[in-house]
There are 2 protein chains.
Amino acid sequence: MDIQDSPFARKLAAFVQLSSADIGAMSDVYKRRRKVPVGRDMVYQGQKDQAAYIIASGWVCSYKMLPGGTRQIVDFQLPGDFLGLRSVLFRTADHNALPITPVEASEVLPEDLLNAFTATPRLATAVLWAASRDEAMVVENLVSIGRRTATERTAHFLLELGARLKLVGLADKTGYKCPLSQYLLADTLGLSAVHINRVLRELREENLLIFQGGRVTFLNFEAVVALADFDRAYLDHDGPLLR
Amino acid sequence: MDIQDSPFARKLAAFVQLSSADIGAMSDVYKRRRKVPVGRDMVYQGQKDQAAYIIASGWVCSYKMLPGGTRQIVDFQLPGDFLGLRSVLFRTADHNALPITPVEASEVLPEDLLNAFTATPRLATAVLWAASRDEAMVVENLVSIGRRTATERTAHFLLELGARLKLVGLADKTGYKCPLSQYLLADTLGLSAVHINRVLRELREENLLIFQGGRVTFLNFEAVVALADFDRAYLDHDGPLLR
DNA sequence: GGCAGAAGCTGCTTCAGGTTAGCCTTGGTG
DNA sequence: CACCAAGGCTAACCTGAAGCAGCTTCTGCC
């Protein structure tokens with residue numbers, strides 16, 4: 001695939017206008033292609049000198065295990081997303097990452113990344129921006145779990161996922177394909193799988209949205225946005241911020 | 001104050017060895033000093049073209065308001081911390097920031113920041129590292145609220161705060177000065193103030209720690225670490241990672 | 001010195017969400 | 001084709017934390 005058509009380049013280009021030098025530096029970073037099967041961790045908590053990845057296709061979830069066997073999913077990585085940036089900067093991974101669909105990803109070695117930053121600071125700024133955007137999502141999830149009810153936070157999360165997928169052309173207002181199980185949803189939202197099931201049933205019975213058969217379908221988008229107090233602006237912006 | 005003695009420089013220097021050029025660029029960023037009184041927001045959600053700040057002294061809390069008047073505190077900024085980096089990158093603040101003690105901070109204008117990044121990529125990398133470290137803390141908080149009990153997460157948070165303060169010389173194993181009220185603690189941990197009060201009483205009655213009179217005192221540090229499942233490593237590292 | 005406001009503290013009641021325990025469907029596999 | 005493992009679904013019961021209401025400091029201030 002041409003680097004310029006990759007979801008990653010599309011995402012960064014939304015933030016900075018990249019020069020041909022930037023794109024060249026990105027190609028260096030973006031070469032070692034790997035396929036990863038479902039169900040085996042790509043990154044382990046505590047692992048040293050871990051590579052980072054840029055996701056080309058598929059879904060990955062980043063999570064932390066707790067003693068007692070429970071886990072908290074922190075974020076999902078979708079096509080175009082960076083995985084494990086923090087692990088590279090800290091030299092030790094602080095979480096696990098598990099593909100939940102078959103994944104194609106490019107390995108990014110720490111040296112390549114740091115060299116690219118030194119050679120082309122605009123790229124560094126763009127990556128910083130992308131990282132910030134992901135953090136904004138983690139923050140939103142924190143607010144959800146801390147202060148929203150189970151129904152509100154479920155609705156909020158499904159809207160957010162939709163917004164992210166729309167950015168890479170994988171969703172529209174009517175809904176999107178979603179490979180998540182109710183168990184994954186539960187571990188994301190800090191709920192039990194049983195309770196998630198109750199919540200999804202209620203959302204369905206009130207004609208708000210359907211989570212079924214690997215697909216999320218919005219029956220009444222506006223009502224869901226209102227219920228979740230979803231801020232439409234927080235993922236959007238109006239084009240490159242740096243020229 | 002000499003730039004090299006600032007808590008900010010000390011923090012960054014723990015990650016990269018900064019050259020004199022880096023320090024020069026940092027001085028440009030780090031000049032407009034401001035004093036901010038307690039109780040008036042420094043940053044408002046939705047505000048455009050907001051400056052960022054580097055905290056020289058005092059405590060700030062970043063929070064999000066929800067309809068219904070509840071709020072979730074997302075993070076605290078302590079001396080040496082960056083405040084509002086995301087607001088600069090996105091050109092719109094996505095949260096509020098409130099000083100909880102009198103604060104001295106240096107204003108950082110978006111141009112200065114981006115110029116400094118272009119001139120000295122090492123500085124950009126260092127700032128990326130610092131931002132990642134803060135995000136790691138938000139993540140830890142997410143895990144706490146999602147999957148830990150009220151007691152565990154309270155203990156965990158107070159340990160984490162201690163670890164951060166130790167980094168800038170404001171805490172030791174016996175405890176630290178802490179200007180937080182039980183209300184702030186509640187809004188951080190996703191609990192009610194009433195319940196926080198009960199939890200703190202239990203921690204006190206079991207001779208684990210005392211949160212009283214603007215001070216946190218650990219009575220049995222090891223037991224608190226065990227209770228909270230606190231990962232001692234996740235804030236530590238062994239010196240500059242980039243040379 | 002008395003008042004106001006913030007912070008801390010406690011008991012009682014209520015409820016959101018967890019736990020346990022099954023059942024049903026689907027799809028993969030020896 | 002029978003078995004079994006995931007995932008989905010539901011009901012009955014339990015509990016941790018919230019909500020409410022009211023009390024006690026402590027501090028600053030007119």
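So you know, we letter chains A, B, ... as the sequences are listed, proteins then strands, and number each from 1. What you see below is based on every heavy atom in this structure, not just the backbone, and it leaves out hydrogens, waters and symmetry mates.
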- [ ] Keeping the roles fixed (side chain from B:Asn96, backbone from B:Gln45), state whether a donor-acceptor pair exists under 3.5 Å.
- [x]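 Here the side-chain-to-backbone pair exists.
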Open item on the list: Between B:Gln47 and B:Tyr44 (side chain of the first, backbone of the second, donor and acceptor by atom type, cut-off under 3.5 Å), is there such a pair?
Closed with: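 Yes: the side chain of B:Gln47 pairs with the backbone of B:Tyr44.
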Whole angstrom value for the distance that separates [atom2] of [N] from [atom1] of [X]:
| X | N | atom1 | atom2 | answer |
| --- | --- | --- | --- | --- |
| A:Leu200 | C:dG17 | CG | P | 13 Å |
| B:Glu152 | D:dG16 | CD | C1' | 12 Å |
| B:Asp187 | D:dA18 | CG | P | 11 Å |
| B:Leu180 | C:dA7 | CG | P | 11 Å |
| B:Tyr183 | C:dA6 | OH | P | 10 Å |
| B:Glu205 | C:dG8 | CD | C1' | 15 Å |
| A:Arg147 | C:dA16 | CZ | P | 16 Å |
| A:Phe211 | D:dG7 | CZ | P | 12 Å |

TODO: Find out whether A:Glu206 and A:Val224 are in side-chain contact, i.e. whether some heavy atom of one side chain is under 4.5 Å from a heavy atom of the other.
DONE: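 A:Glu206 does not reach A:Val224 side chain to side chain.
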Task: Sub-4.0 Å heavy-atom contacts from residues 188-196 of chain A onto DNA chain D, ordered by number - done: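 Within residues 188-196 of chain A, the residues near DNA chain D are A:Val194.
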- [ ] Please identify each residue that fulfils salt bridge (Lys or Arg N to Asp or Glu O under 4.0 Å) with A:Asp229, with sequence neighbours left out.
- [x]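 Residues passing salt bridge (Lys or Arg N to Asp or Glu O under 4.0 Å) with A:Asp229: A:Arg148.
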- [ ] Determine, for A:Asp75 against A:Arg164, whether the closest basic-nitrogen to carboxylate-oxygen distance falls under 4.0 angstrom.
- [x]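 Yes, A:Asp75 and A:Arg164 are salt-bridged.
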TODO: Would you classify B:Arg198 as touching base, sugar-phosphate or nothing, given that sugar-phosphate means primed atoms plus P, OP1 and OP2, and contacts are heavy atoms under 4.0 Å?
DONE: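 Counting heavy atoms under 4.0 Å across all strands, the contact made by B:Arg198 includes a base.
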TODO: Look at the side-chain N and O atoms of A:Arg201 and state whether any lies under 4.0 Å from the OP1 or OP2 oxygen of D:dT10.
DONE: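 Looking at the OP1 and OP2 atoms of D:dT10, one of them is under 4.0 Å from a side-chain N or O of A:Arg201.
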Open item on the list: So, OP1 or OP2 of C:dG8: does either fall under 4.0 Å of a side-chain N or O from B:Gln212?
Closed with: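 Looking at the OP1 and OP2 atoms of C:dG8, neither is under 4.0 Å from any side-chain N or O of B:Gln212.
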Task: Nucleotide nearest A:Asn197 (side chain, heavy atoms from C-beta), chosen from D:dG8, D:dA17, C:dC9 - done: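 Selected nucleotide (nearest to the side chain): D:dG8.
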Task: Out of D:dC9, C:dT10, C:dC9, whichever nucleotide has its closest atom nearest the side chain of A:Arg204 - done: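 So the side chain of A:Arg204 is nearest to D:dC9.
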TODO: Would you mind telling me which of A:Arg32, A:Arg34, A:Arg33 makes a side-chain hydrogen bond (donor to acceptor under 3.5 Å, both in side chains) with A:Ser106?
DONE: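 Only match with A:Ser106 under side-chain hydrogen bond (donor to acceptor under 3.5 Å, both in side chains): A:Arg33.
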- [ ] Provide the closest heavy-atom pair for B:His95 versus B:Val43 in the form atom of the first, atom of the second, distance.
- [x]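 Shortest heavy-atom contact: O-CG1, 3.7 Å.
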